[in-house]
Amino acid sequence: MMVASAYRTFFYRLSKSNNIGAILTRALSVQTEAISKNQNASFPVLEVEVDCNDQSYQNATEKGMKSIQQLDKIMAVLSDGGGEKARKRHTELNKKLLVWDRISRLVDPGSEMIDLAPLAGLNLAYGDIPYGGMVCVIAKVRGRYCSITANDGTVKGGTYFPITVTKALRAQHISALHRLPSICLVDSGGGFLPLQAELFPDKQHGGRSFHNQAVLSAAGVPQVAVVCGSCTAGGAYAPTMSDEAVMVDRIGTLFLGGPPLVRAALGEVISEEELGGARLHCGVSGCCDMFAADEDEAFATTRDIIESLNLPEAREDVSEPPLVAPDRLDTLSGLSQLSRDELKLVLASVLDGSRFREFKGSYGVNVITGFGKLGGRLVGVVANHGTVTARDALKMAHLVELCDQRHIPLLYLQNAPPDTVEECSDPEVLKCRARAATVLAASRVPRISVNLTGCHGDQHMTMCGISFEPSFYFAWPRAKFSGVSLSAAAPAPDEAAAAPPRPGKPPSPADKPTKPGRPAKPPPLIQLPKDSSLYYASRVLIDGVIRPRDTRKTLELALAVVSWNTPQQERRHPVIRM
Ligand code: COA
C-alpha cells in the first residue's frame, strides 16, 4: 500500500513537528477518506520535515500575524470607499447603489471573486485613493468568467486618477490574455481635473482603454457597459464604444459636456435628463441599447446579455483538499526566506491532496520543479529557495518546455534574497539563466506568480516577474521586491513603517501642503518602503497582497479563470531538453 505508507510518513513527521491537534484530526479524517478514494490517485504525497515548535517559528508567527493584521486594517479602511459622507450622498441623495452592491447583484450568487488590485492608489504622491477609484473583479456571470470594472462614485465622483487608468488597463490586459468578457459599470465624472495633465501623456494612459475596447471587440472578446451613474467627458466613450450598453433611467447620464458647460458655452439651460438621459440615448441617439427602469433591471438585463454571448459555462472540478491546514502559511510568511523543506510545506498546503510529482529532484540545488494539481487542474510548479544555479536554470527551462508542449499552466513561487557575487560570477550561470528566461518568455501557457518572501534582480526574469507577463501576480505581505541583483548592494529594510489606518474619506488631491489659511493635507494611511509588496500593489505592479492562508483559494480561482476560455496556441518545435 504505497499511498497509505506515504500518508503515514507524512503524518508522523507532521505530528512530530507540529503542535496542532485540530489540524491533525482534520487531516487524519481526510486521510482515511482519501486513501479509500485514491488508490489510483495521481502523484505521491509530499514528505515534509518541518519543526514548527521551534522558537524561530514562534517569532515567525508573530511577525507573520502582525503583517496580516496590518493588511486587514488597511483593507477595512479602503473598503469604505470615499467615506461616510460620500456614501450618504451617493445612496440617499443620488439614489444609487454602492459599488459592491452593484457587483453582488450582477454576479452569480456565491460566485468566488478575484478582487484585482484592491490596494491600487495607496500612499500616492497625490493622496490615498481607495481602490484607485475603481473596483475590478473577475467573477462568474451566468456561469462565465467576466472581468468587471466598476467606478466607485463615492471616490471623488468616480473620476479617473492616473492610477485608475493603470488599473483599468491591467484588467483589460488580463481580459485580453484569457478572453474574458468585459463588463464596465460606469459611474464617473470623467478625468480628475487637477491631474488632467497626467492622464493623457503616453500610450499606456488616457484614451488607451477605449482603443483596447475596440481591439478586444474585434478579437471577439465581448464588451458590455452599464450606465448606472454619470458618464461625463471621456467616460461617455466607455458605453458608446461597447458592443452592447444598458442605461438606467434617471440615474444614468451620458454626455461629453454637461448642462453647466452647455449653459456657459451656449447660454442654453437644459436638464441632465434632456441632455443625456436614458430615454434620449436608448430611444433617440442610440448611444445605448437597453433601457432599464432601475439598477436591478439593468443588472438582470446584463446577465441576459452574458447568457447570449454563446460562450460555454466554466466547468466545476472536484478536487482533493490538501492535508496541511492553510494557516501554517501565516507562520511561514513571517520568515525572511523559506528553506527547501519549508517551501515543500507551502506546496503541501496549496496542492490538491498535498501531492506533487517532483521533476529532476536530484538535479540542481535551489529550485524545486514538478507537477501537481490545484482545484483538480494540472499545474507545473517552479519554486526557488536560493540562487538559480546553472543546473537549476536548465531544469526550469526543461519544465517550461514540457508545460508548453502539454498546455499546462505554470505556477512560480518566488522565494530568494538577491544573489551574492560568488553565486553568479560564472558565465555558465548567465548562459543558462538566459535560456530559462528565453524559454519562459516564448512559452504560450498561462503563468501565475506569487512572491512568498523575495524576488530580486534577474529573478524577475527567470522566476516570472512583472515583465514576463504573469496572468496574475500576487505577494505575501512581507515579501520584498527589488531590481537589485547582488545582495551586497541591497540592505533591505525589514518592516513597512506603518502608521495606523485613518478612517474617513480620502484626502483631496487638490490640497496643497499647509499654507496660512489652508487646511493641512491629511496624513497618509501608511508610509510604504519601496521594496514592500504593499508598495508594488499600490502602483498596480502586482495584482494584490494576499493573506498567506488564502494562497490556495486564490490560486485555485486564478487557475480556473485562466483555464476557462484561453485559446491553446500551436507549438512548432520539439521539447529541447537541456
Ligand atoms: N475632477 C475633480 N473632482 C471632481 C470631478 C472632476 N471631474 N467631478 C467631481 N469631483 C469631485 C467634487 O469636487 C466633489 O469633491 P468633494 O467631495 O471633495 O467635495 C466630489 O467629486 C463629488 O462631487 P459632487 O458633485 O459633490 O457629487 P455628485 O455625486 O453630486 O456628482 C458628478 C458627481 C461626477 C456627476 C459631478 O461632480 C460632476 O458632474 N462633475 C463634473 C464632471 C466633469 O465636468 N468632468 C469633466 C472631466 S474631463
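The analysis underlying the following values was restricted to heavy atoms, covering all of them including side chains, and did not include hydrogens, waters or symmetry mates. Start at 1 and go down the list; that is how both ligands and their atoms are numbered.
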Is it true that [X] and [Y] make a salt bridge, defined as a side-chain N closer than 4.0 Å to a carboxylate O?
X      : Y      : answer
Arg303 : Asp108 : yes
Arg144 : Glu307 : yes
Arg87  : Asp80  : yes

| Proximal candidate to atom 33 (C) of ligand 1 [heavy atom criterion; set Gly153, Gly157, Gly83] |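 Going through Gly153, Gly157, Gly83 one by one, Gly157 has the nearest heavy atom to atom 33 (C) of ligand 1.
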| task | Ignoring hydrogens, just give me the one of Ala233, Gly258, Pro260, Gly189 whose non-hydrogen atom is nearest atom 45 (N) of ligand 1. | result |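 When every heavy atom of Ala233, Gly258, Pro260, Gly189 is considered, Gly189 comes closest to atom 45 (N) of ligand 1.
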Which of the atoms in ligand 1, numbered in the order shown and given with their element, are less than 4.0 Å from a heavy-atom of [X]?
X      : value
Gly191 : 1 (N), 6 (C), 7 (N), 47 (C), 48 (S)
Thr159 : 5 (C), 6 (C), 7 (N), 8 (N)
Phe192 : 1 (N), 2 (C), 3 (N)
Thr232 : 42 (C), 43 (C), 44 (O), 45 (N)
Pro194 : 2 (C)
Ser230 : 35 (C)

| For Arg444, does the CZ atom have more than 12 heavy-atom neighbours from other residues, nucleotides or ligands under 6.0 Å away? |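 Yes, CZ of Arg444 has more than 12 neighbouring heavy atoms, counting only those of other groups under 6.0 Å.
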Heavy atom under 4.0 Å from ligand 1: found in [X]'s side chain, backbone, both, or neither?
X      : answer
Leu93  : neither
His90  : neither
Ser188 : neither

| Please, which pairs that meet ring-ring contact (aromatic ring centres under 6.0 Å, His included) have at least one residue in residues 254-282, sequence neighbours excluded? |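 The answer is none; no pair qualifies.
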| message | Listing request: all ring-ring contact (aromatic ring centres under 6.0 Å, His included) pairs with a residue in residues 527-556, at least two apart in sequence or in separate chains. | response |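 Applying ring-ring contact (aromatic ring centres under 6.0 Å, His included) to every pair that reaches into residues 527-556, excluding sequence neighbours, yields Phe481-Tyr536.
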| task | Please round to the nearest 0.5 Å and tell me the distance separating atom CD of Glu112 and atom OG1 of Thr554. | result |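 Rounded to the nearest 0.5 Å, the CD-OG1 separation comes out at 9.5 Å.
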| Qualifying residue for side chain to side chain donor-acceptor pair (under 3.5 Å) with Glu295, from Arg102, Lys95, Lys96 |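 Going through Arg102, Lys95, Lys96 one by one, the side chain to side chain donor-acceptor pair (under 3.5 Å) with Glu295 is satisfied by Arg102 alone.
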